Amino acid sequence: MPLVTTTEMFKKAYDGGYAIGAFNVNNMEIVQGITEAAKEVNAPLILQVSKGARAYANHTYLIKLVEAAIEETGLPICLHLDHGDSFELCKSCIDGGFTSVMIDASSKPFAENIEITRKVVEYAHDHGVVVEAELGALAGVEDEVNVSAEDSHYTRPEEVEEFVSKTGCDSLAIAIGTSHGAYKFTAAQCTRNEKGELVPPPLRFDILDEIVKRLPGFPIVLHGSSSVPQEFVRMINENGGKMPDAVGIPEEQLRQAARGAVCKINIDSDLRLAMTGTIRQFFNEHPEKFDPREYLKPARANIKELVKHKLINVLGCDGKA
Ligand SMILES: O=C(CO)COP(=O)(O)O
Ligand SMILES: O=C[C@H](O)COP(=O)(O)O
Ligand SMILES: [Zn+2]
Ligand SMILES: [Zn+2]
């Protein structure tokens, strides 16, 4: 099976009340962990590559790793550019074999966002590639750009129809309270549960509902959707790490989003936490070991378990490949 676009995936996800997981990939062990999990539960997948991932691992290596995963799993997989910041970067990924790109011009003024997005859509559609665009600004760190809490704002529902009809984009990323990274909320924004863990304020489902009313049937994307599992935060902190008050989006809220119009849910930080926690623990327990295969193997296994859990219990896309 060749790489696929998201068109069919999103239609089925929308109608079926589930979402597709979009997981960021940066190296072989991450690709293997994710795709082995998806194979076991027969889930469709989006593997996404950021500008930083492309700079780290090289476009050709990433394409070949994903092609290898398709050969090994036989799954429908879409290869997506995450947070493309220019027409040139999007074009380079389209020319280089990606089946989906994101143009993220959400920090630009509305008219400029429309103009850049439309240019990418024209080129992409001419080449059989689909485009994700973004309206609203998530707080947090994304690809070297740090959006401060003051500069972040929710998507304005009154803008979405004009934006989608003028750009022709295929899906829309929105801001309803998620954000990138492992520190999605400050302790001051949260309450604490009986275990003393931080409980963040709920996502703005009222804004999502307003958007869906204006764009019935249109696929919505949620970025910044890691849940920051406290077991991995603890594993990091108990083995020499320092990540105080790391907090993410409760999985129950992501499940609720996946049942509705949200067709793509982006997860990266949770993979990083699983990998880092596992490796830290391994080094702590085996200070004499130095063979990378010995610590990358359990790291890959924990990524696989984490992704399986997300596919079945959060996204609901198991059995849908
Ligand atoms: O949105 C993301 C990638 O585009 C990832 O978000 P997290 O940092 O919450 O994993
Ligand atoms: O949105 C950000 C993703 O987690 C990718 O992060 P990165 O730019 O550090 O690769
Ligand atoms: Zn953005
Ligand atoms: Zn993102």
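Positions are given from 1, in the same order as the sequence printed here. Model, not experiment: these values are computed from the prediction. Indexing begins at 1, ligand by ligand and atom by atom, following the structure's order.
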Problem - Those atoms of ligand 2 less than 4.0 Å from some heavy atom in His83 - result: 1 (O)

Completion exercise
For Gln48, the ligand 1 atoms with a heavy-atom partner under 4.0 Å come out as 3 (C), 4 (O)

Handout entry: Which of the ligand 1 atoms, numbered from 1, are nearer than 4.0 Å to a heavy atom of Asn24
Key = 3 (C)

Practice task
Measure from atom 9 (O) of ligand 2 to every heavy atom in Arg272, His180, Lys51 and give the option owning the shortest one.
Solution key: Arg272

Handout entry: Non-hydrogen side-chain atoms of Tyr183 and Met243 separated by less than 4.5 Å
Key = yes

Practice task
Within a distance under 4.0 Å of any heavy atom of Ile267, pick out the atoms of ligand 1 and give their elements.
Solution key: 10 (O)

Practice task
With heavy atoms under 4.0 Å as the rule, classify the contact between Asp82 and ligand 1 as side chain, backbone, both or neither.
Solution key: side chain

Practice task
Report, in ascending order of atom number, the atoms of ligand 1 lying under 4.0 Å from any heavy atom of His180.
Solution key: 1 (O), 2 (C), 4 (O), 5 (C), 6 (O), 8 (O)

Exercise for the section: Give a yes or no on whether a salt bridge exists between Arg192 and Glu197, defined as a side-chain N under 4.0 angstrom from a carboxylate O. Expected result: no

Exercise for the section: Output the list of atoms in ligand 2 that are nearer than 4.0 Å to some heavy atom of Asp268, sorted by atom number. Expected result: 3 (C), 4 (O), 5 (C), 6 (O)

Completion exercise
When rounded to the nearest 0.5 Å, the distance separating CG of Leu47 from CG of Leu75 is 9.5 Å

Exercise for the section: Could you tell me whether Phe98 and His59 have their ring centroids closer than 6.0 angstrom? Expected result: yes

Fill in the blank from the handout: Near His223 (heavy-atom distance under 4.0 Å), the atoms of ligand 1 are 1 (O), 4 (O)

Exercise for the section: State which residues pass side-chain contact (heavy atoms from CB on, under 4.5 Å) with Glu285; sequence neighbours excluded, sorted by chain then number. Expected result: Gln281

